[in-house]
There are 4 protein chains.
Amino acid sequence: MPPKSSSPRPADVTRRNEASRRAILTAAFDLAGEIGFDKLTIEAIAARAGVGKQTIYRWWPSKGAVLLDALLALSEPDNAAEAPEAGLPDTGDLEADLKLVLRATVAELADPRFDRPLRGLTSAIMHDTDLAATYAERLQSPVDALKRRRLESARAAGQLAPEVDLDIAIALIWSPLMDRWLLRSGPLTPEFADRVVETALRGLRP
Amino acid sequence: MPPKSSSPRPADVTRRNEASRRAILTAAFDLAGEIGFDKLTIEAIAARAGVGKQTIYRWWPSKGAVLLDALLALSEPDNAAEAPEAGLPDTGDLEADLKLVLRATVAELADPRFDRPLRGLTSAIMHDTDLAATYAERLQSPVDALKRRRLESARAAGQLAPEVDLDIAIALIWSPLMDRWLLRSGPLTPEFADRVVETALRGLRP
Amino acid sequence: MPPKSSSPRPADVTRRNEASRRAILTAAFDLAGEIGFDKLTIEAIAARAGVGKQTIYRWWPSKGAVLLDALLALSEPDNAAEAPEAGLPDTGDLEADLKLVLRATVAELADPRFDRPLRGLTSAIMHDTDLAATYAERLQSPVDALKRRRLESARAAGQLAPEVDLDIAIALIWSPLMDRWLLRSGPLTPEFADRVVETALRGLRP
Amino acid sequence: MPPKSSSPRPADVTRRNEASRRAILTAAFDLAGEIGFDKLTIEAIAARAGVGKQTIYRWWPSKGAVLLDALLALSEPDNAAEAPEAGLPDTGDLEADLKLVLRATVAELADPRFDRPLRGLTSAIMHDTDLAATYAERLQSPVDALKRRRLESARAAGQLAPEVDLDIAIALIWSPLMDRWLLRSGPLTPEFADRVVETALRGLRP
DNA sequence: TTCTAAACGAGACGGTACGTCGGGTCTTAGA
DNA sequence: TCTAAGACCCGACGTACCGTCTCGTTTAGAA
């Protein structure tokens with residue numbers, strides 16, 4: 001990600017040290033997983049990456065931006081394939097497919113290696129609208145597109161009522177999970193995911 | 001709220017200076033509304049409240065705990081009445097009542113005086129399980145009880161399917177709002193609230 | 001020692017709790033010996049003595065004053081006898097007597113139990129003229145009187161030149177020891193004490 | 001002066017900011033003269049010098065060390081000349097020369113601009129053996145060398161008894177002054193200095 | 001012997017400074 | 001020119017004590 005925007009130094013991207021960039025992203029992700037985002041410091045990232053602090057400040061506007069890039073980088077290196085994000089499963093059975101996806105999400109969020117960086121990034125997004133915009137563009141909107149595509153497929157198959165707003169449908173299905181995860185307002189179990197899918201779909205079917 | 005637990009000094013609650021306590025809570029809430037929770041500092045709260053820092057550290061384990069108490073205190077002083085929390089409206093028309101409540105929530109969350117402290121507190125809760133526990137006990141569970149009571153009333157009136165899990169129902173209705181608010185993943189409008197209520201209720205009715 | 005002066009409350013000496021007073025002085029002296037005067041705190045004295053802080057502030061103006069009293073109290077309890085201060089030895093041989101006294105002083109100053117409190121008190125006196133005045137009156141002047149008496153006896157015996165100013169003589173004999181002790185500008189040995197006495201007396205004899 | 005020793009970070013002396021160093025020393029000396037050493041705080045020095053606290057903690061282990069450096073720096077900048085320390089006066093008349101020097105010392109110690117920092121530094125030295133060692137090496141021993149040189153010159157001129165230990169002689173001449181100054185055990189006047197010189201020399205002459 | 005005012009143990013309070021941490025900027029050397 | 005290293009100014013941290021100020025609770029002299 002380029003620096004804030006236009007302001008201080010454009011910074012010549014072509015001269016950028018790729019090894020340092022990867023070391024920083026790896027260090028940031030690992031440290032966020034180990035000690036949590038809020039205890040994460042730029043100094044610690046720089047030290048772990050064997051990099052000067054300035055090299056971080058030159059290329060990223062905040063530690064949230066570093067972490068966002070770090071998460072994005074998790075998919076990139078496998079480059080072309082992009083298998084993990086190639087699409088939501090579509091067996092023709094919407095309920096089963098959604099349960100599968102949500103159960104996978106539940107499992108991922110239960111792993112501290114992912115919970116902590118994601119939680120931290122989410123918290124950063126809550127407070128930093130610039131970062132939120134980048135997040136929306138780079139992570140959320142592609143993922144939402146996948147969800148929407150699956151629901152469109154279901155609608156085409158007559159499994160969803162035509163008049164249902166897909167944005168609302170997505171919110172109904174995924175928000176309860178996010179809420180439980182972020183606020184720990186209840187146990188985040190596969191069963192909960194199943195119940196949410198079942199109940200939401202009651203209202204989404206024709 | 002007494003300090004974490006047993007460890008250093010129990011601190012004698014009977015000797016507590018009530019004026020200082022209120023000054024701290026007021027200062028914390030106001031400052032959080034003015035500059036945001038993450039830029040809020042204990043020193044600033046102490047200075048604004050005309051209080052020594054130690055007086056804050058003596059009674060609260062973190063600035064999140066201060067802010068939680070500050071929010072709780074907003075209802076208390078109105079004492080017995082407790083009108084605002086007396087219950088959700090129950091006109092017999094569940095959909096209308098829910099829309100009313102959700103629209104009010106949307107309005108409140110749009111006001112920076114509430115958005116900022118609440119957002120900060122929510123962020124703190126995400127990272128601090130002790131605080132989350134206190135939050136769950138003092139704020140979330142009473143509010144959830146009100147929601148649940150309204151839904152039970154609706155179920156008794158035959159407006160909800162008997163087999164619906166009320167916790168899931170609550171999640172379906174309120175989570176989409178929280179998600180949009182926290183992550184700014186879309187505009188948080190009264191219309192959105194209406195759509196969510198309508199769609200969720202499709203699946204909750206008998 | 002009574003409080004500062006007239007100002008707030010005269011404090012009724014007759015009601016004073018003797019047990020607390022002794023506990024404070026003992027605690028102050030012991031703590032000064034253990035951790036040194038500058039790390040000594042009123043709170044620690046109060047805690048060790050099992051006494052409220054106010055009881056110290058009520059009766060002493062500063063921790064230096066407490067420590068001075070503590071040192072004075074070391075001689076008092078042996079009551080009337082006052083043997084240790086009854087007078088400097090007077091065998092008729094001035095040089096031998098002085099060497100004896102100075103060697104004893106050297107030994108005392110080498111003992112951390114005395115070095116630390118005395119060093120701290122001396123430091124306090126250096127910065128606090130009120131305390132210095134009390135010190136001069138209660139400790140220094142009686143001791144100086146003893147020294148002067150011994151030198152007068154020597155002068156009467158024809159061992160000192162009549163024209164010598166006794167204050168100067170006292171300074172010449174004792175100051176080098178104090179200097180070495182306070183500033184650690186050289187080893188504080190019995191031999192040093194002997195040399196000083198010998199050299200000083202060369203100039204003091206008729 | 002580099003930090004205590006090896007422990008945390010050696011701190012790269014070549015990168016040190018000379019302007020900050022001088023500002024700190026000047027601020028420390030001035031403040032010590034204005035408010036006294038014991039009321040001197042690191043924070044005040046940093047504020048007056050327009051410097052971060054850490055810049056002081058990085059390079060000095062204690063405020064005593066700062067003040068010692070500040071005093072040493074008073075002579076340095078005049079660099080080569082070093083006139084003030086070029087040597088004690090040597091007119092051939094030892095008694096007159098010593099009186100001159102001691103009277104000058106008395107005058108200096110009477111000036112609060114010097115009394116306060118020196119008194120504070122002396123007090124710090126009394127309690128801090130590390131600092132005392134630095135002091136002995138950097139300030140005391142060069143000064144003592146000057147004194148010793150003058151006395152050797154006098155001995156060569158037959159004005160001192162050959163058998164007199166010069167360390168003892170130095171102590172006899174200068175200690176009484178230091179004592180009166182530090183403990184205010186009597187008026188520190190030029191007359192006192194004269195008397196001390198006269199009496200001490202009685203015993204030091206052949 | 002009771003009453004009452006003080007001294008007392010305890011410790012909360014408004015403050016000041018501590019020594020440390022990390023932020024973000026700036027400078028120096030080396031590749 | 002970018003980088004690793006790290007010194008710098010700054011602000012906040014959480015802690016330790018300061019000296020003052022209540023709180024009940026002894027306690028000792030006067031009534």
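Residue numbering restarts at 1 for every chain, and letters A, B, ... go by the order of the sequence lines.
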Between the side chain of [X] and the main-chain N/O of [Y], is any donor-acceptor distance below 3.5 Å?
{"X": "T122(B)", "Y": "L118(B)", "value": "yes"}
{"X": "T129(A)", "Y": "A132(A)", "value": "no"}
{"X": "R116(A)", "Y": "E34(A)", "value": "yes"}

[X] [atom1] - [N] [atom2] separation (whole Å):
{"X": "R58(A)", "N": "dT25(E)", "atom1": "CZ", "atom2": "C1'", "value": "12 Å"}
{"X": "I56(D)", "N": "dC21(E)", "atom1": "CD1", "atom2": "P", "value": "17 Å"}
{"X": "K39(D)", "N": "dC17(F)", "atom1": "NZ", "atom2": "P", "value": "21 Å"}
{"X": "L40(C)", "N": "dA16(F)", "atom1": "CG", "atom2": "P", "value": "17 Å"}
{"X": "R16(B)", "N": "dC23(F)", "atom1": "CZ", "atom2": "C1'", "value": "17 Å"}
{"X": "R22(C)", "N": "dA7(E)", "atom1": "CZ", "atom2": "P", "value": "20 Å"}
{"X": "E18(D)", "N": "dT28(E)", "atom1": "CD", "atom2": "P", "value": "14 Å"}
{"X": "K63(B)", "N": "dG11(F)", "atom1": "NZ", "atom2": "C1'", "value": "13 Å"}

Would you indicate, yes or no, if [N] has its OP1 or OP2 atom less than 4.0 angstrom from a side-chain nitrogen or oxygen of [X]?
{"X": "W59(C)", "N": "dC8(E)", "result": "yes"}
{"X": "T41(D)", "N": "dT16(E)", "result": "no"}
{"X": "T14(D)", "N": "dT28(E)", "result": "no"}
{"X": "T55(C)", "N": "dG9(E)", "result": "yes"}

Can you find a pair of side-chain heavy atoms, one from I42(D) and one from W60(D), that are under 4.5 Å apart?
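Side chain of I42(D) against side chain of W60(D), heavy atoms only: no contact under 4.5 Å found.
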With a 4.5 Å limit on heavy-atom distance, are the side chains of I24(C) and R21(C) in contact?
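The answer is no, as the side chains (C-beta and beyond) never meet within the 4.5 Å cut-off.
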Output the single nucleotide from [options] whose closest atom is nearest the side chain of [X].
{"X": "R15(C)", "options": "dT22(F), dA6(E), dC9(F)", "result": "dA6(E)"}
{"X": "I42(D)", "options": "dC17(F), dG19(E), dA4(F)", "result": "dG19(E)"}
{"X": "Y57(B)", "options": "dG14(F), dC18(F), dG24(E)", "result": "dG14(F)"}

Closest nucleotide of DNA chain F for S20(D) versus for A44(C): which of these residues is on the 5' side?
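First, find each residue's nearest nucleotide; the 5'-ward one identifies S20(D).
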First of G50(A) and K53(B) reached from the 5' end of DNA chain F, by closest nucleotide
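Closer to the 5' end of DNA chain F: G50(A).
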Side-chain donor or acceptor of Q54(A) under 3.5 Å from a matching atom on the base of dC26(E)?
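Answer is yes: a donor-acceptor pair is held.
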For S62(A) and for E43(C), find the nucleotide of DNA chain E with the closest heavy atom, then tell me which residue's nucleotide is more 5'.
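It is E43(C), whose closest nucleotide lies nearer the 5' terminus.
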